[in-house]
Amino acid sequence: MPISAFLTDASLCIGCKACEVACKEWNEVPDDGFSWSGHSYDNTRALGASTWRHVLFLEQPHRMGAQLAGINEPFRWQFLSDVCKHCANAGCLEACPTGSIVRTEVGSVFVQPDICNGCGYCVVSCPFGVIEKRPEDGRAFKCTFCYDRQKAGLIPACAKACPTESIQFGDLEVLRLRGKKRVQNLQERGYSDARIYDPQETSVGGIHAFSVIFGEPEAYNLPPAPEVPTVYLKSAWTSAFISAAIIVAIVCAAFAI
Amino acid sequence: MKTAAKPKMTEERLEEIRKAASESTKETLATQESPRKPSAQGEQSYYGLPALKAPVWTWEVPLYFFLGGIAGLSACVAFVAQSFRSDPALIRVSLWAALLGAAMCPVLLIADLGRPTRFLNMLRVFKLRSAMSLGAWILAAFSGFAFLAVVCFEILLRGFTNPLWTSLLWLGETSAAAVGLLLASYTAVLIGATAIPVWSENRKLLPVHFLTSGLGCSAAILELAGFLIPATQVLGFAASGIETLIEIFLEVRKRPVDAPLHQGKSGTTLRIAGLLEGPIALFLRVFWGSVPAGRYAAAVCFLIGALLSRYAWIWAGRASARDPNVLFQLQRQT
């Protein structure tokens, strides 16, 4: 089966939050609080156990291509729908001690709710801060990539509901090519800081839900160089074994004298 | 403002509000120009919101780290003491400390689970790449070996000398000692191999601290049980000495990522813990170590310090997850 992917295009997003609504309704995700954040039109704030799509609202003192903002200072208002990245090397999947988190046949990272026992290790192992434990339930939740819909030959609810095709769903390689072309096209049209966010050069090894963004990824709270935490295992264990050897030597010395 | 009359709500007032809002927006944009401009460090974060999820572990987990360290190192001390034909009473206390610790640990871990009834799912798979999975198996194995060692030791103590019990005791003690070292150190690897910057950037230091701390605690328990022998004094000196070095190292090395180790609730707790485990316990041993009271005091200080430090490290992880700027700067550097 081909690898499924999302291409989320900030240049097409209008911030309507249809994806958030569609995701919640289809997946029966509970509410994530009703409160005002004061951060532009974003009252969702971040991805979490009960937020599997999150529309970001960026207010930046930069020109957006040739657009005029209507004020003297350079200004742009940007939107981007964020989602679980379904990493090629997923920190949560590697960390899961129960085998609840698995890689599906479409290449997505899926939490089996009937296996998860809520140990919380995936939460600290996600370099994107996506997966979270739902306190009232006890288990960890995140985007399922609409695995149920994909099994039935349907596209994910968010992509289906997106009115501008800012969320595109399809084969990974096809979408990577489309994203590349889109960025080229945007740059030719004067959007000089358009780029793809897909950290392929780090240990994460690329993501299956990548984006077209403007400017630095930090502004979207996207880590510029995320690492899958298993890369830290070797040095940590080496230190543990050396320390253990020294500790044993100390204990031997203490009882020898 | 309280004396000023309420402005009349007119169209002029609305114009005024609009003007004020537009002025303040311009002002905000002008003042935000510099911090929001792309720099070598890249763009700032998204409204300063956390880019990572904070650890959700509650009070049980740091307590487990503490008890697991004591249990593991006690098994190690028991094995070495047995090898050097030390006092059987001391070996007995150490073995029981290992077993009691091993008995309490699973209770704490299960209590922390979101779905405690599914604790057996931990033994559904064996994953070397998951420190949590490995840890579940380490704890299960350790409990078995510690139980075997204690049972054989008690049987032999009652005069039932038999080569079978002797060899089973040897098997239990050596295995418990080896697995005990893993039990005391895997917890450091567990938090070291995460996305939380203050943990992963200290992944080499954490095992040194956790093992030393466990060693000092197992020696402290022996001292509190009345074994004021030179061996426990040496272990106490060594553990406090290494902890003092770690404390100095942490104070001298100033990295932005280590801010939670110096500031806030976690920083204060860690500093107190470090002082208790390191300089204070060491001071008590040097100047008051010749009398039992001094050694008891040093032992108690070390135990309290070791317990506090486990909580401090977990709290530091929470603080670290809240700071997106340090995370992004760290990733830009490497």
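Each chain gets a letter, A, B and so on, in the order its sequence line appears, and its residues count up from 1.
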### Task
Considering only heavy atoms and a distance below 4.5 Å, find which of A:V228, A:I257, A:D42 pairs most often with chain B.
A:D42

### Task
Could you tell me which of B:L190, B:I196, B:N202, B:L206 has the largest number of non-hydrogen atom pairs under 4.5 Å with chain A?
B:L190

### Message
Restricting to non-hydrogen atoms, name the atom on A:F128 and the atom on B:L52 that form the minimum distance, rounded to 0.1 Å.
### Response
N-CD2, 4.4 Å

### Query
Roughly how far, to the nearest 0.5 Å, is CG of A:N117 from CG of B:N121?
5.5 Å

### Query
Taking B:G192, B:A184, B:S200, B:A131 one by one, which has the highest count of heavy-atom pairs under 4.5 Å against chain A?
B:S200

### Top of A:S100, A:G91, A:C96, A:G48 for chain B proximity - count of heavy-atom pairs under 4.5 angstrom
A:C96

### Task
Answer yes when A:E94 and B:K127 have at least one side-chain N-carboxylate O distance shorter than 4.0 Å, and no when they do not.
no

### Verdict with reasoning, B:R115 to A:R139, per side-chain contact (heavy atoms from CB on, under 4.5 Å)
CA-CA 7 Å; B:R115 290 284 171 106; A:R139 292 171 296 176; 3.5 Å; yes

#### Entry: A:T238, part contacting chain B, at a heavy-atom distance under 4.5 Å
neither

### Task
Decide yes or no on side-chain contact (heavy atoms from CB on, under 4.5 Å) for B:Q331 and A:T202, but give the supporting numbers first.
CA-CA 10 Å; B:Q331 293 188 1; A:T202 73; over 6 Å; no

### Query
Highest number of heavy-atom pairs under 4.5 Å with chain B: which of A:A140, A:A253, A:P226?
A:P226

### Message
Take a 6.0 Å sphere around CZ of B:F126 and say whether it holds more than 12 heavy atoms from other residues, nucleotides or ligands.
### Response
yes

### Message
Counting heavy-atom pairs closer than 4.5 Å to chain A, which one of B:S130, B:S133, B:G135, B:P50 comes out on top?
### Response
B:S130

### Query
Which bit of B:V56 comes within less than 4.5 Å of chain A, counting heavy atoms only: side chain, backbone, both or neither?
side chain

### Message
What's the separation between atom CZ in A:F255 and atom CD1 in B:I229, rounded to the nearest 0.5 Å?
### Response
5.5 Å

#### Entry: Working for side-chain contact (heavy atoms from CB on, under 4.5 Å), residues A:W237 and B:Y186
CA-CA 8 Å; A:W237 275 119; B:Y186 98 83; 3.6 Å; yes

### Message
Under 4.5 Å from any heavy atom of chain A, what part of B:P55 do you find: side chain, backbone, both or neither?
### Response
both

### Task
Heavy-atom distances under 4.5 Å only: say whether B:L90 touches chain A with side chain, backbone, both or neither.
side chain

### Task
Scan side-chain atoms only and decide if A:S239 and B:R203 contain a donor-acceptor pair under the 3.5 Å cut-off.
no

### Task
Locate the shortest heavy-atom distance separating B:Y46 from A:R45; write the atom from each residue and the value.
CE2-O, 4.0 Å

### Task
Could you give me the CA-CA distance, side-chain angles and deciding distance for B:F79 and A:V248, then say whether side-chain contact (heavy atoms from CB on, under 4.5 Å) is met?
CA-CA 10 Å; B:F79 166 71; A:V248 171; over 6 Å; no

## Note on the structure
Turns out that what part of B:W137 lies under 4.5 Å from chain A's heavy atoms comes down to neither

### Task
Could you grab the distance from atom CG of B:L113 to atom OG1 of A:T98, nearest 0.5 Å is fine?
10.0 Å

### Message
Under 4.5 Å from any heavy atom of chain A, what part of B:L181 do you find: side chain, backbone, both or neither?
### Response
side chain

#### Entry: Polar contact flag, side-chain donor to acceptor under 3.5 angstrom, A:N221-B:Y47
no

### Task
Taking the side chain as every heavy atom from C-beta outward, state whether B:L182 and A:F241 have any pair of such atoms under 4.5 Å apart.
yes

### Task
Among B:L123, B:V208, B:T212, B:D112, single out the residue with the greatest number of heavy-atom pairs under 4.5 Å to chain A.
B:V208

### Task
Tell me, for A:L47 versus chain B, whether the close heavy atoms (under 4.5 Å) come from the side chain, the backbone, both or neither.
backbone

### Query
Which atom pair, heavy atoms only, marks the closest approach of B:R124 to A:I115?
NH1-CG2, 3.5 Å

### Query
For chain B, which of A:P229, A:A244, A:G138, A:C116 has the most heavy-atom pairs under 4.5 Å?
A:P229

## Note on the structure
Honestly, the part of B:L73 sitting under 4.5 Å from a heavy atom of chain A is side chain

### Summary
If one checks every heavy atom of A:I246 against chain B at 4.5 Å, the contacting part turns out to be neither

### Message
For A:I250 versus B:A238, what's the shortest heavy-atom pair and its separation?
### Response
CG2-CB, 3.7 Å

## Note on the structure
CG (B:N325) and CD (A:E218) are apart, to the nearest 0.5 Å, by 9.5 Å

### Query
How far apart are the closest heavy atoms of B:L215 and A:V251, and which atoms are they?
CD1-CG2, 3.4 Å

### Task
Tell me, for A:C119 versus chain B, whether the close heavy atoms (under 4.5 Å) come from the side chain, the backbone, both or neither.
both

### Task
Quick one: which of A:A240, A:P224, A:S125 has the most heavy-atom pairs under 4.5 Å with chain B, could you say?
A:P224

#### Entry: A:V130 portion near chain B, given a 4.5 angstrom heavy-atom threshold
backbone

### Part of A:D137 lying under 4.5 Å from any heavy atom of chain B
both

### Query
Pick from B:Q233, B:R129, B:K204: which one has the most heavy-atom pairs with chain A under 4.5 Å?
B:R129

### Task
List the atom of A:C252, the atom of B:V80, and the distance in Å for their closest heavy-atom pair.
CA-CG1, 3.7 Å

### Query
Of all residues at least two apart in sequence or in a different chain, which pass the side-chain contact (heavy atoms from CB on, under 4.5 Å) check with A:E132?
A:A49, B:K53

